[in-house]
Amino acid sequence: MSSFVAAFVLLTITIATGFYFIEDMFAQHLAHKTFFTIMSWFVFAGLLLGRHIVGWRGQLAVKLTLSGFFLLMLGYFGSRIALQILLH
């Protein structure tokens with residue numbers, strides 16, 4: 001198993017665990033974080049499928065990996081910025 005597949009499995013487990021502990025997504029102000037995390041999951045899933053089926057390598061794989069990372073980072077830091085600066 002490659003490290004990318006292991007990371008994808010861990011991201012999937014993290015998302016599933018997070019959904020288990022969410023009581024009310026909108027009351028806890030988690031809608032932004034959830035949206036960007038799910039979008040990054042789709043980017044990584046597409047990248048894994050593309051690598052396996054089509055054989056994506058090189059620059060395209062790097063762009064998709066960085067896009068997924070950016071979405072995760074935006075979900076984490078963007079939520080903090082939205083909650084601390086914009087909503088207060």
Side-chain angles (χ1 to χ4, degrees):
M1 178 173 4
S2 72
S3 60
F4 195 79
V5 173
F8 182 74
V9 169
L10 289 174
L11 178 62
T12 304
I13 292 170
T14 303
I15 291 171
T17 305
F19 274 122
Y20 179 75
F21 287 106
I22 290 177
E23 294 175 8
D24 186 8
M25 183 182 314
F26 297 105
Q28 294 175 329
H29 303 288
L30 298 174
H32 299 93
K33 186 177 291 195
T34 303
F35 173 76
F36 287 118
T37 303
I38 297 294
M39 293 307 298
S40 70
W41 187 89
F42 280 116
V43 168
F44 288 133
L47 176 59
L48 277 178
L49 285 174
R51 285 178 57 103
H52 181 69
I53 295 171
V54 184
W56 289 344
R57 300 276 191 257
Q59 195 171 17
L60 179 61
V62 170
K63 287 179 183 179
L64 288 173
T65 302
L66 290 176
S67 298
F69 172 74
F70 179 74
L71 286 169
L72 282 174
M73 191 175 67
L74 188 62
Y76 181 74
F77 292 115
S79 293
R80 287 183 175 252
I81 291 170
L83 290 175
Q84 291 178 357
I85 297 174
L86 299 177
L87 297 177
H88 284 78

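All heavy atoms count here, side chains included; hydrogens, waters and symmetry mates do not. None of the values given here were measured: they were computed from a predicted structure.
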Show me the donor-acceptor pairs within less than 3.5 Å that the side chains of residues 5-15 make with the rest of the protein, sequence neighbours left out.
| residue | atom | partner | partner atom | Å |
| --- | --- | --- | --- | --- |
| Thr12 | OG1 | Phe8 | O | 2.9 |
| Thr12 | OG1 | Trp41 | NE1 | 2.8 |
| Thr14 | OG1 | Leu10 | O | 2.7 |

Cut-off 3.5 Å, no hydrogens considered: what does the side-chain donor-acceptor table look like for residues 61-72, sequence neighbours left out?
| residue | atom | partner | partner atom | Å |
| --- | --- | --- | --- | --- |
| Thr65 | OG1 | Ala61 | O | 2.7 |
| Ser67 | OG | Lys63 | O | 2.8 |

Nearest-0.5 Å distance that lies between atom CE in Met39 and atom CZ in Phe44: 12.0 Å
With sequence neighbours excluded, what pairs up with Phe42 under the side-chain contact (heavy atoms from CB on, under 4.5 Å) test? Ile38
So the side-chain hydrogen bond (donor to acceptor under 3.5 Å, both in side chains) pairs with at least one residue in residues 45-54 (sequence neighbours excluded) are none
